[in-house]
Amino acid sequence: MRDDLFYIQRCIELGKAALLKGNPPVGAIIVKDDLIISEAEEAGSSKKDITCHAEIEAVRMATRKLNTSDLSDCILYSSHEPCIMCSYAIRYYRIKKVVFQNTVEFLGGVSSSMPLLRSDEVPPHWSSVPEIIQLSLNEN
């Protein structure tokens, strides 16, 4: 079984690829039963569409691949803290666990003044608060 660090490293690789295309260096993957269901790079700049964050792109692919809007058996990994927009999608699609590396100032779904990932003030049909883990990578 792979650990969180393995998946975060893959997100970092995807982020580096996004940066080469002129996008912010963010990568995200969705895992179910220790299998990568979807992976995506940030593409807002290259696609000229602000909704093309890596996390949202990964969710779009996962819902199509699994043919469901219930991702409650899935884990989302991201090189960066999901923003409020991405947090909305995470909660709506009921993702059970979120693992990220870097915080996002001002609009992070965990650390900002609008912590949607941690809030109980959401519609009742959304998921409960997912497990949230911030990984710190030691590069020594």
Side-chain angles (χ1 to χ4, degrees):
M1 184 166 186
R2 298 174 177 154
D3 63 7
D4 292 341
L5 181 60
F6 172 85
Y7 294 115
I8 286 293
Q9 292 288 4
R10 179 64 186 140
C11 291
I12 292 168
E13 291 170 16
L14 291 165
K16 289 177 182 176
L19 186 63
L20 291 174
K21 296 172 186 159
N23 295 296
V26 183
I29 61 174
I30 293 183
V31 173
K32 180 179 179 183
D33 300 327
D34 207 33
L35 296 172
I36 294 175
I37 302 303
S38 63
E39 58 181 36
E41 304 169 4
E42 190 86 2
S45 295
S46 59
K47 289 185 175 181
K48 299 190 182 10
D49 180 348
I50 193 65
T51 68
C52 293
H53 285 198
E55 297 90 343
I56 297 231
E57 294 286 89
V59 166
R60 286 174 177 149
M61 287 183 239
T63 58
R64 280 193 302 265
K65 183 172 184 177
L66 297 173
N67 194 32
T68 184
S69 60
D70 182 359
L71 300 180
S72 60
D73 291 334
C74 297
I75 302 168
L76 181 135
Y77 292 88
S78 180
S79 58
H80 288 71
E81 174 185 4
C83 73
I84 296 162
M85 176 180 66
C86 295
S87 296
Y88 178 105
I90 290 164
R91 294 296 296 273
Y92 181 84
Y93 289 104
R94 309 176 68 80
I95 294 171
K96 70 177 179 179
K97 180 179 174 182
V98 176
V99 182
F100 67 94
Q101 182 186 11
N102 301 299
T103 57
V104 174
E105 191 176 8
F106 302 115
L107 295 175
V110 176
S111 65
S112 77
S113 63
M114 298 171 277
L116 186 56
L117 278 180
R118 296 184 310 177
S119 178
D120 287 324
E121 296 179 28
V122 298
H125 64 281
W126 286 16
S127 69
S128 56
V129 173
E131 179 181 355
I132 301 167
I133 298 173
Q134 181 181 6
L135 287 184
S136 176
L137 301 181
N138 292 330
E139 308 240 359
N140 298 334

**Asked** Nearest 0.5 Å, what's the CG-OH distance between L5 and Y77?
**Response**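 The CG atom of L5 sits 10.0 Å away from the OH atom of Y77.
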
**Request:** Supply the atom-to-atom distance M114 CE to L116 CG, rounded to the nearest 0.5 angstrom.
**Result:** 10.0 Å

**Asked** Would the Y88 and W126 ring centres measure less than 6.0 Å apart?
**Response** yes

Do [X] and [Y] have side-chain heavy atoms sitting under 4.5 Å apart?
X	Y	result
K96	P130	no
L76	K97	no
I29	L14	yes
Y92	V59	no

If Ile, Leu, Val, Met, Phe, Trp and Tyr residues are connected whenever their side-chain heavy atoms lie under 4.5 Å apart, and connections chain through other members, are [X] and [Y] in the same group?
X	Y	value
V122	L71	yes
I8	F6	yes
I90	I37	yes
L66	V98	yes
I95	L117	yes

Test your reading of the model: is there a side-chain donor-acceptor pair from [X] to the backbone of [Y], 3.5 Å cut-off?
X	Y	result
R94	H125	yes
S112	L107	no
D73	D33	no
N23	S45	yes
S87	C83	yes
R10	G27	no

**Item:** NZ/NE/NH1/NH2 to OD/OE distance under 4.0 Å, K47 and E41
**Value:**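 Not counted as a salt bridge, because no side-chain N and carboxylate O are separated by less than 4.0 Å.
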
Could you tell me which non-hydrogen atom of [X] sits nearest to which non-hydrogen atom of [Y], and how far apart they are?
X	Y	result
C86	I56	SG-CG1, 3.6 Å
A18	P24	CB-O, 3.5 Å
R118	I132	CG-CD1, 3.6 Å
M61	A40	CE-CB, 3.5 Å
Q134	T103	NE2-CG2, 3.3 Å
S79	C11	N-CB, 3.7 Å

**Asked** Looking at Q101, H53, E42, E55, which one forms a side chain to side chain donor-acceptor pair (under 3.5 Å) with S78?
**Response** E55

**Item:** Other residues, nucleotides, ligands: >12 heavy atoms within 6.0 Å of L20 CG
**Value:**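 Above 12, so yes.
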
**Message:** Just to verify, which of I30, V99, L135, V31 counts as forming a side-chain contact (heavy atoms from CB on, under 4.5 Å) with Y7?
**Reply:** V31

If only side-chain N and O atoms count, and only distance matters, is there a donor-acceptor pair under 3.5 Å linking [Y] with [X]?
X	Y	value
T51	R60	yes
D70	T68	no
S111	E81	yes

